[in-house]
Amino acid sequence: MTRSIDDAVDILRASRRVVVTTGAGMSKESGIPTFRDAPNALWANYNPEDLATRAGFRRDPALVWRWYAERRAMIAGAKPHEGHLALARWEQRFDAFTILTQNIDGLHVAAGSKDVVELHGNIFRYKCFDHDHPVAEPLAGAGEPPRCACGSWVRPAVVWFGESLDADHLCAAYDALERCNVLLIVGTSGVVYPAAGFAATAKANGALVIEINPEATPASEIADVFIAGGAKSILPVLATKTVDPIAGP
Ligand code: BJW
């Protein structure tokens with residue numbers, strides 16, 4: 001494994017098919033807290049069992065609805081940063097450039113990226129708690145979540161622990177991972193499956209792995225290049241150097 005940004009540039013210049021997988025660290029510099037890295041991590045102050053499981057929602061639907069409403073209001077005020085924008089510009093250089101994001105904030109699409117798979121859903125969409133069908137944006141309830149036309153609760157269309165990811169999303173993800181030359185991992189702690197297994201899947205299919213993160217993660221052990229730093233500063237440098245062969249350091 002190397003830590004050289006120029007090694008990453010050489011790998012990307014030689015690649016036609018790229019997969020980028022992103023986690024909460026990608027959006028941290030847009031002002032959205034991550035789940036696990038201190039000091040303002042969401043799971044430091046809240047229990048995932050209470051807020052991100054079906055059992056937690058059944059126990060206290062008002063608590064979960066309120067938590068997501070607060071996060072939605074905060075995310076609605078966030079904007080893509082230079083790292084999101086660099087990814088959107090960069091995709092034109094490659095034959096395939098697929099973003100597999102665990103983030104539910106919609107910032108990759110807002111930045112203009114075209115091939116984006118939102119593996120854990122989107123906080124601005126809703127669905128029926130009992131039957132999973134999509135629900136149009138509901139009127140804000142007073143405390144409790146709104147009711148679906150079928151009488152069930154409305155819930156955010158995100159993926160909680162113990163729930164399966166959308167089958168079409170998983171097909172698209174593994175198809176891209178099987179065909180890519182390089183997997184770029186940005187801002188995920190790599191502890192939540194199935195995304196935590198993407199590095200191993202890509203490697204097993206012959207791809208090289210580049211990771212961008214201020215901290216090492218389990219994926220760093222098999223990464224070919226680890227770049228220690230934040231998404232907002234590193235991605236624009238990497239994109240510029242890859243696209244323009246005469247770009248300076
Ligand atoms: C920066 C930075 C900067 C800071 N720039 N970087 C196999 C083995 C073991 C367990 C399982 C397994 N398969 C499934 C499971 C169970 C479970 C799981 O993985 N549990 C583990 C915790 C052990 N997985 C599931 O239940 C999944 N479902 C599933 O697989 O279905 C089939 C199945 C079910 C049950 C059993 C077996 C099979 C669903 C997972 C859904 C996760 N949902 C959440 C909430 C989504 C909605 C919401 O947002 O509220 O998704 S949990 C939360 O964690 C959220 C995130 O997407 C996810 C990952 O977090 P992420 O993005 O990595 O964030 P952090 O905070 O952890 O890390 C931030 C990183 O950024 C850090 O590394 C920083 O250093 C870095 N960083 N600043 C770049 N500026």
Side-chain angles (χ1 to χ4, degrees), residues 20-57 63-72 74-75 78 80-84 86-87 99-108 117-127 155-167 169-170 173-174 184-201 210-221 223 226-238:
V20 184
T21 187
T22 63
M26 179 75 216
S27 295
K28 187 172 174 177
E29 290 155 296
S30 287
I32 302 173
T34 64
F35 292 90
R36 297 174 183 81
D37 61 322
N40 298 315
L42 292 171
W43 294 154
N45 300 313
Y46 300 97
N47 180 358
E49 296 293 321
D50 291 337
L51 295 164
T53 63
R54 287 182 68 81
F57 186 88
L63 172 77
V64 177
W65 184 257
R66 206 166 50 241
W67 190 63
Y68 277 96
E70 285 166 13
R71 285 178 62 205
R72 192 177 297 113
M74 189 260 293
I75 290 170
H81 60 60
E82 286 87 336
H84 294 101
L87 289 179
I99 298 180
L100 308 177
T101 187
Q102 296 172 83
N103 299 340
I104 60 170
D105 53 37
L107 289 184
H108 287 299
V117 182
E118 293 181 323
L119 295 163
H120 291 171
N122 188 300
I123 197 167
F124 298 105
R125 288 201 289 273
Y126 304 87
K127 63 181 183 177
R155 56 162 283 185
V158 300
V159 182
W160 287 329
F161 285 112
E163 293 187 310
S164 295
L165 281 68
D166 179 272
H169 286 171
L170 284 174
Y174 286 109
L184 180 58
I185 305 174
V186 187
T188 174
S189 57
V191 295
V192 174
Y193 286 84
F198 287 173
T201 302
I210 300 169
E211 184 180 29
I212 299 173
N213 197 311
E215 308 288 336
T217 72
S220 317
E221 287 167 29
F226 175 79
I227 302 171
K232 183 177 171 181
S233 55
I234 301 291
L235 283 170
V237 173
L238 210 47

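Just follow the structure's listing: the first ligand is 1, and inside any ligand the first atom is 1. This chain uses plain numbering: 1 for the first residue, then up along the sequence. Side-chain atoms are counted along with the backbone in the values below, which use heavy atoms only and exclude waters and symmetry mates.
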Handout entry: Protein heavy atom under 4.0 Å of atom 41 (C) of ligand 1
Key = yes

Handout entry: Per-atom contact, atom 25 (C) of ligand 1, protein heavy atoms, under 4.0 angstrom
Key = yes

Handout entry: Shortest heavy-atom approach to atom 57 (O) of ligand 1 - which of Met26, Lys232, His120, Glu215
Key = His120

Exercise for the section: Say whether Gly187, considering both its backbone and side-chain N or O atoms, lies within less than 3.5 Å of an N or O atom on ligand 1. Expected result: yes

Problem - Test item, Val186 contacting ligand 1 (heavy atom, 4.0 angstrom) - result: no

Problem - Per-residue contact class, Tyr68 against ligand 1 - non-hydrogen pairs under 4.0 Å - result: side chain

Practice task
From the options Arg71, His81, Glu211, select the one whose nearest heavy atom is closest to atom 49 (O) of ligand 1.
Solution key: Arg71

Exercise for the section: Compute the shortest N/O to N/O distance between Ala52 and ligand 1 and return yes if it is under 3.5 Å, no if not. Expected result: no

Completion exercise
Candidates Lys28, Gln102, Glu163, Arg36; heavy atom nearest atom 60 (O) of ligand 1 found on Arg36

Exercise for the section: Kindly confirm or rule out an N or O of Ala231 lying under 3.5 angstrom from an N or O of ligand 1. Expected result: yes

Practice task
Can you sort out which atoms of ligand 1 are near Glu29, meaning under 4.0 Å from one of its heavy atoms?
Solution key: 3 (C), 5 (N), 80 (N)

Problem - Residue-ligand contact Ala41/ligand 1, heavy atom below 4.0 Å - result: no

Fill in the blank from the handout: Looking only at non-hydrogen atoms, the one of Ile123, Leu51, Asn213 nearest atom 73 (O) of ligand 1 is Asn213

Practice task
Go through ligand 1 atom by atom and flag the ones less than 4.0 Å from a non-hydrogen atom of Pro214.
Solution key: 1 (C), 2 (C), 6 (N), 77 (N), 78 (N), 79 (C)

Exercise for the section: Examine the proximity of ligand 1 to Thr34 and report which part, side chain or backbone, both or neither, has a heavy atom under 4.0 Å away. Expected result: both

Handout entry: Salt bridge present between Arg125 and Glu118 (N-O < 4.0 angstrom)
Key = yes

Practice task
Report yes if some N/O of Ile212 lies less than 3.5 Å from some N/O of ligand 1; otherwise report no.
Solution key: no

Practice task
Would you tell me which option among Trp43, Trp67, Tyr46, Phe161 has the nearest heavy-atom contact to atom 17 (C) of ligand 1?
Solution key: Phe161

Practice task
Kindly assign one of parallel, tilted or perpendicular to the pair Trp43 and Trp67, based on the angle between their ring planes and the thresholds 30° and 60°.
Solution key: parallel

Handout entry: Any N/O pair Pro194/ligand 1 closer than 3.5 Å
Key = no

Handout entry: Nitrogen or oxygen atoms of Asn103 and ligand 1 under 3.5 Å apart
Key = no

Handout entry: atom 36 (C) of ligand 1 protein-contacted (non-hydrogen atom, under 4.0 angstrom)
Key = no

Problem - For Asn213, all residues meeting side chain to side chain donor-acceptor pair (under 3.5 Å), sequence neighbours excluded - result: none

Problem - Ionic contact status for Glu163 with Lys127, cut-off 4.0 Å - result: no

